[in-house]
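Naming: A, B, ... by sequence-line order, numbering from 1 per chain. Remember, it's a predicted structure, so these values are computed and weren't measured experimentally.
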Amino acid sequence: MLDPRFIRENMELVESRLKTRGEGVDLGRFRELDTRRREMLLQSETLKALRNKVSEEISRIKDKSQAQGRIAEMREVSQKIKGLDEELRGVEEELENVLLMIPNIPHASVPVGTSEADNVEVRQWGKRPVMDFTPKPHWEIGEDLRILDFERGAKLTGARFTLYRGAGARLERALLNFMLDLHTERHNYLEMLPPFMVNRESMTGTGQLPKFEDDLFHLDGVDYFLIPTAEVPVTNIHRNEILRGDDLPLLYTAYTPCFRKEAGSYGKDTRGLIRQHQFNKVELVKFSHPEHSYAELDRLLDNAEEVLRLLGLHYRVVELCTGDIGFSAAKTFDIEVWLPGQDTFREISSCSNFEDFQARRASIRFREDEKAKPEYVHTLNGSGLAVGRALVAVLENYQQADGSVMIPEALRPYMGGQERIS
RNA sequence: GGAGAGAUGGCCGAGUAGGUCGAAGGCGCUCGCCUGCUAAGCGAGUAUACUGGGAAACCGGUAUCGAGGGUUCGAAUCCCUCUCUCUCCGCCA
């Protein structure tokens with residue numbers, strides 16, 4: 001959520017900055033409601049001040065029969081207040097809804113663009129593996145080795161669900177343990193294991209709601225949602241809290257499955273593991289001092305890249321343009337891993353600084369020191385990494401001419417020393 | 001799922017015949033005094049949000065005692081609903 005006061009005072013600026021996202025945001029409604037709200041608030045509060053004053057006078061009168069006139073008067077004042085407050089509540093509710101639907105303002109450094117095509121490549125690491133045979137896509141590798149079973153996944157649940165079998169299941173587990181160990185032991189993140197379903201407040205805090213309810217799985221009978229990313233529970237750990245400035249930055253990592261309806265992606269990536277309704281992810285989340293959040297973003301991105309470097313996987317880093325960054329983000333870098341089986345780079349991590357956008361929604365603040373006023377923290381997060389897609393990358397990059405797959409050095413301790421899947 | 005108890009400020013904890021309670025007291029914290037240093041002691045201060053005025057320092061108003069409604073001139077205190085926590089029973093990994 002943007003700061004309403006900031007919008008009020010910088011209407012044109014906000015409107016033009018948001019326009020670069022490609023969504024026309026009309027702030028006229030905001031201005032109308034905001035003005036109306038303050039007018040009504042003033043009226044209501046003036047009457048309340050009067051009532052408080054007179055009520056206090058009444059309390060001092062011993063003989064209440066002397067106070068009948070004023071009591072009657074206040075009865076009317078109270079009626080008026082009640083009416084005003086009711087109307088005010090309606091206005092505030094609508095204002096809140098308007099505010100919750102306004103996306104974050106992109107950081108000044110974000111390249112302006114309208115689509116994915118305008119994203120800017122920042123760097124590449126490693127190079128494409130040399131293969132003297134035609135590389136297979138991972139779904140073929142997985143089926144041939146009988147470690148991925150798409151048909152039975154579909155039987156058990158439906159499209160976009162997969163059964164991992166044997167070494168496939170273990171490879172997935174190896175990857176996520178490897179990632180968690182790296183981030184906790186080498187990068188100083190604190191491991192969390194949060195609930196995999198959360199309530200509406202949490203989803204609103206990070207920005208999934210109210211705008212993207214269609215993308216979420218909702219439980220029947222209780223108002224809970226399956227999390228689409230660990231970002232939601234982990235960021236909301238500190239919802240409605242005031243943190244100590246000394247404790248910042250807080251670095252958390254968490255493995256969770258992620259559940260997404262992928263509404264609107266019908267027909268896209270229908271084969272293989274790329275786009276599933278359920279996938280595993282190791283997430284990195286930071287609560288940062290506002291002044292250091294961009295330095296923290298660079299570090300977070302590097303922490304995520306480190307996973308790929310240790311796995312020896314070729315990748316590139318892309319800076320998303322204004323037209324492509326997410327609703328809540330002020331700036332985002334994607335990491336895309338090379339997939340020989342598909343002859344292309346595919347997103348495997350997305351690292352963002354949300355600045356105070358989520359912090360304001362979720363009311364996550366800190367005090368610089370004991371005396372200081374609370375300020376909003378900056379929240380950041382990034383995948384470190386998407387485990388399913390990492391498995392895809394391993395299969396496709398380490399496939400051999402004979403159909404087997406070499407296991408990257410770094411993962412072997414997690415595979416009981418196994419060097420190859422065949 | 002059944003029965004009961006509870007939810008007050010950073011923490012602990014008073015406050016139920018409704019008014020002077022944003023809320024006693026203690027702890028913690030901040031500043032000052034004092035002691036050669038430390039501890040102890042003494043004094044003052046110590047919530048948040050919105051809002052009006054002001055360049056600002058700051059001054060004023062309103063709200064907040066789990067959340068939401070109700071009764072009343074007036075509610076932390078009375079009534080209703082909900083949420084959460086704890087205890088016991090049942091069920092269960």
I'd like the [atom1] distance from [M] over to [N], given in whole Å.
{"N": "B:U77", "M": "B:G60", "atom1": "P", "result": "28 Å"}
{"N": "B:G43", "M": "B:U48", "atom1": "P", "result": "26 Å"}
{"N": "B:G10", "M": "B:U71", "atom1": "C1'", "result": "35 Å"}
{"N": "B:A47", "M": "B:C11", "atom1": "C1'", "result": "14 Å"}
{"N": "B:C34", "M": "B:G52", "atom1": "P", "result": "46 Å"}
{"N": "B:G1", "M": "B:C82", "atom1": "P", "result": "13 Å"}
{"N": "B:A76", "M": "B:G6", "atom1": "C1'", "result": "15 Å"}
{"N": "B:G68", "M": "B:G53", "atom1": "P", "result": "28 Å"}

Which whole-number value in Å describes the distance from [X] [atom1] to [N] [atom2]?
{"X": "A:L88", "N": "B:U51", "atom1": "CG", "atom2": "P", "answer": "11 Å"}
{"X": "A:Q68", "N": "B:C73", "atom1": "CD", "atom2": "P", "answer": "9 Å"}
{"X": "A:I61", "N": "B:U20", "atom1": "CD1", "atom2": "C1'", "answer": "14 Å"}
{"X": "A:E201", "N": "B:C82", "atom1": "CD", "atom2": "P", "answer": "17 Å"}
{"X": "A:I71", "N": "B:U71", "atom1": "CD1", "atom2": "C1'", "answer": "15 Å"}
{"X": "A:L47", "N": "B:C73", "atom1": "CG", "atom2": "P", "answer": "16 Å"}
{"X": "A:E368", "N": "B:U30", "atom1": "CD", "atom2": "P", "answer": "16 Å"}
{"X": "A:I81", "N": "B:U72", "atom1": "CD1", "atom2": "P", "answer": "14 Å"}

Between [X] and [N], is there a side-chain N or O to OP1/OP2 distance below 4.0 Å?
{"X": "A:R89", "N": "B:G69", "answer": "yes"}
{"X": "A:S78", "N": "B:G74", "answer": "yes"}
{"X": "A:R51", "N": "B:A75", "answer": "no"}
{"X": "A:R5", "N": "B:U51", "answer": "yes"}
{"X": "A:K53", "N": "B:G19", "answer": "no"}
{"X": "A:N52", "N": "B:G19", "answer": "no"}
{"X": "A:R37", "N": "B:C50", "answer": "no"}
{"X": "A:R38", "N": "B:C50", "answer": "no"}

Original post:
A:H138 and side-chain hydrogen bond (donor to acceptor under 3.5 Å, both in side chains): which partner among A:E396, A:R271, A:E143, A:Q399?
Top reply: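 Of the listed residues A:E396, A:R271, A:E143, A:Q399, the side-chain hydrogen bond (donor to acceptor under 3.5 Å, both in side chains) partner of A:H138 is A:E396.
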
**OP:** May I ask you to decide if the ring planes of A:Y189 and A:H187 are parallel, tilted or perpendicular, using 30° and 60° as cut-offs?
**Re:**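 Judged by the thresholds at 30° and 60°, the geometry between A:Y189 and A:H187 is perpendicular.
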
**OP:** Using the six-membered ring wherever Trp is involved, compare the ring planes of A:Y294 and A:H107 and label them parallel, tilted or perpendicular (cut-offs 30° and 60°).
**Re:**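 Tilted.
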
**OP:** Could you walk me through whether A:R38 and A:D34 pass salt bridge (Lys or Arg N to Asp or Glu O under 4.0 Å), step by step?
**Re:** CA-CA 6 Å; A:R38 282 182 297 152; A:D34 180 61; 3.4 Å; yes

With both distances under 3.5 Å as the test, what is the Watson-Crick or G-U wobble partner of [N]?
{"N": "B:G54", "answer": "none"}
{"N": "B:C11", "answer": "B:G26"}
{"N": "B:G74", "answer": "none"}
{"N": "B:U20", "answer": "none"}
{"N": "B:C84", "answer": "B:G6"}
{"N": "B:G41", "answer": "B:C33"}
{"N": "B:U62", "answer": "B:A49"}

Original post:
Which residue lies toward the 5' end of RNA chain B, A:K48 or A:R365, if each is placed at its nearest nucleotide?
Top reply: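 Looking at the nearest nucleotide for each, A:R365 comes out on the 5' side.
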
**OP:** Specify the residue among A:Q79 and A:T46 whose closest nucleotide of RNA chain B lies further upstream toward the 5′ end.
**Re:**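 Comparing both residues, the 5'-ward one is A:T46.
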
Subject >> Listed nucleotide nearest any side-chain atom of A:I58, set B:G61, B:G19, B:G70 >> reply: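 Looking only at heavy atoms from C-beta outward on A:I58, the closest nucleotide is B:G19.
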
**OP:** Counting heavy atoms from C-beta on, name the nucleotide in B:G74, B:A49, B:U62 closest to the side chain of A:S55.
**Re:**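 Of the candidates, B:G74 comes closest.
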
Subject >> Side-chain donor-acceptor contact under 3.5 Å, A:N188 with A:H183 >> reply: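 No - no donor-acceptor pair under 3.5 Å links their side chains.
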
Remember a base hit wins even if backbone is also touched, and classify [X] as base, sugar-phosphate or nothing at under 4.0 Å, heavy atoms.
{"X": "A:R75", "value": "sugar-phosphate"}
{"X": "A:R367", "value": "sugar-phosphate"}
{"X": "A:R360", "value": "nothing"}

Original post:
Does any donor-acceptor pair link the side chain of A:E45 with the base of B:G61 at a separation under 3.5 Å?
Top reply: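 When only heavy-atom distances are counted, A:E45 does reach the base of B:G61 through a donor-acceptor pair under 3.5 Å.
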
Subject >> ring pair (Phe, Tyr, Trp, His ring centres under 6.0 Å) evaluation trace for A:F327 with A:F212 >> reply: CA-CA 10 Å; A:F327 177 80; A:F212 306 104; 5.4 Å; yes

Original post:
When you look at CE of A:M197, are more than 12 heavy atoms from neighbouring residues, nucleotides or ligands closer to it than 6.0 Å?
Top reply: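 No, the 6.0 Å shell around CE holds no more than 12 heavy atoms from other groups.
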
Original post:
Heavy-atom distance under 4.5 Å between the side chains of A:H289 and A:F366, does that happen here?
Top reply: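 SC-SC contact between A:H289 and A:F366 confirmed.
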
